[in-house]
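Here's the structure, in structure tokens; my notes come after.
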Amino acid sequence: MSPRKLRPDELDLWKKVARTTDRVHEKMPDLTDLSQIPKQIGETLNPVGTGIRPFNLGQNANSKKPGPLLGLNGAQAKAPINMDKKAYDRLKRGKLAPQGRIDLHGMTLNQAQPKLTAFIMSAFAKDHRLVLVITGKGKQKEDFGPIPERPGVLRRNVPHWLQTPPLAQMVLQVTEAHGRHGGGGAYYVYLRRRR
């Protein structure tokens with residue numbers, strides 16, 4: 001369906017309105033002449049000297065696909081080792097046995113955060129050095145919504161909770177667990193010594 005033609009009275013009204021306006025730039029085309037108005041949505045008016053270059057939406061978009069989902073975001077995954085290097089190596093190989101564990105499977109964020117805080121504070125008070133926090137990997141489901149949601153809400157939030165007060169003063173290192181202790185669905189939390 002093509003757009004309708006302007007009637008002569010509409011064209012006269014448009015010309016009257018266009019004569020009452022001032023040009024923003026001297027080199028702008030005369031818009032009282034309707035033949036200069038773009039015919040299609042894709043056409044652009046680009047007057048010389050305005051400094052605006054024509055563009056297409058998404059022309060500079062990054063075409064790289066996102067990498068694998070990790071529990072720790074990029075900044076946390078590359079965090080420096082704060083504990084003894086030998087102990088850290090043993091921890092990563094699953095050779096250190098956790099002295100306590102908490103399973104947060106099936107909990108909401110509002111249920112999990114206070115339980116995690118109480119557990120870490122209790123373990124710190126008992127002078128435990130290594131505890132295991134099981135979050136689960138999250139459901140792998142198709143997400144067709146307008147805002148994509150990554151799986152594993154607890155898996156993403158637990159490291160953040162452990163690195164913010166009040167737990168940050170007690171936690172020395174947070175590392176993804178070895179396969180024998182849950183792998184990507186769990187975290188080793190290495191606690192500081194009490195003074």
Side-chain angles (χ1 to χ4, degrees), residues 55 57-195:
F55 68 94
L57 288 178
Q59 73 185 18
N60 295 333
N62 189 355
S63 62
K64 292 181 185 174
K65 294 188 177 181
L69 296 176
L70 299 174
L72 299 172
N73 67 27
Q76 292 167 330
K78 296 174 186 169
I81 300 170
N82 297 324
M83 56 190 283
D84 179 49
K85 175 88 169 96
K86 238 183 214 182
Y88 182 76
D89 289 341
R90 291 183 62 218
L91 176 76
K92 288 298 287 178
R93 287 184 285 147
K95 300 291 183 186
L96 292 179
Q99 296 168 307
R101 62 178 259 167
I102 184 170
D103 191 345
L104 303 175
H105 272 107
M107 293 186 190
T108 64
L109 293 175
N110 292 338
Q111 294 169 335
Q113 188 172 14
K115 290 201 185 242
L116 177 67
T117 302
F119 172 73
I120 296 295
M121 289 179 156
S122 171
F124 183 73
K126 295 176 187 173
D127 289 324
H128 290 177
R129 291 304 304 273
L130 180 65
V131 293
L132 184 67
V133 177
I134 302 169
T135 61
K137 295 181 182 178
K139 292 181 181 177
Q140 300 294 327
K141 62 178 182 176
E142 294 278 336
D143 188 9
F144 299 109
I147 300 174
E149 187 176 316
R150 296 186 333 190
V153 175
L154 287 176
R155 182 177 173 206
R156 286 192 322 271
N157 284 296
V158 164
H160 174 69
W161 295 340
L162 293 168
Q163 294 174 351
T164 55
L167 300 179
Q169 294 83 2
M170 297 173 240
V171 174
L172 185 63
Q173 188 81 41
V174 178
T175 307
E176 193 172 281
H178 187 271
R180 73 177 64 163
H181 291 128
Y187 292 104
Y188 291 130
V189 181
Y190 200 77
L191 301 173
R192 298 179 188 276
R193 290 189 192 277
R194 277 188 5 184
R195 296 195 173 148

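The residues of the chain are indexed from 1 along the displayed sequence.
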From [X] [atom1] over to [Y] [atom2], what is the distance, rounded to the nearest 0.5 angstrom?
X: Leu167; Y: Leu191; atom1: CG; atom2: CG; answer: 9.5 Å
X: Asp127; Y: Arg192; atom1: CG; atom2: CZ; answer: 14.5 Å
X: His105; Y: Lys137; atom1: NE2; atom2: NZ; answer: 9.5 Å
X: Thr135; Y: Arg155; atom1: OG1; atom2: CZ; answer: 7.0 Å
X: Arg194; Y: His128; atom1: CZ; atom2: NE2; answer: 11.0 Å

If you count every heavy atom of other residues, nucleotides or ligands that lies below 6.0 Å from Arg193 atom CZ, does the total exceed 12?
no
Is it true that a side-chain atom of Asn82 and a backbone atom of Leu172 form a donor plus acceptor pair closer than 3.5 Å?
yes
Just list the side-chain donor-acceptor pairs under 3.5 Å for residues 92-102, sequence neighbours left out, or say none.
unit_1	atom_1	unit_2	atom_2	d
Arg93	NE	Asp89	O	3.3
Gln99	OE1	Arg129	N	2.5
Gln99	OE1	Leu130	N	3.3

Contact check, side chains of Val171 and Gln163, non-hydrogen atoms, under 4.5 Å:
no
Would you list the atom pairs, donor with acceptor, under 3.5 Å between side chains in residues 110-124 and any protein atom, with sequence neighbours excluded?
unit_1	atom_1	unit_2	atom_2	d
Gln111	OE1	Thr108	N	3.0
Thr117	OG1	Gln113	O	2.9

Contacts of Tyr188 meeting side-chain hydrogen bond (donor to acceptor under 3.5 Å, both in side chains) (sequence neighbours excluded), chain-then-number -> His181
Test log, rule side chain to side chain contact (heavy atoms under 4.5 Å, CB included), inputs Trp161 and Val174
CA-CA 11 Å; Trp161 295 340; Val174 178; over 6 Å; no
Evaluate the criterion side chain to side chain contact (heavy atoms under 4.5 Å, CB included) for residue pair Ile134 and Leu104; output intermediate values, then yes/no.
CA-CA 6 Å; Ile134 302 169; Leu104 303 175; over 6 Å; no
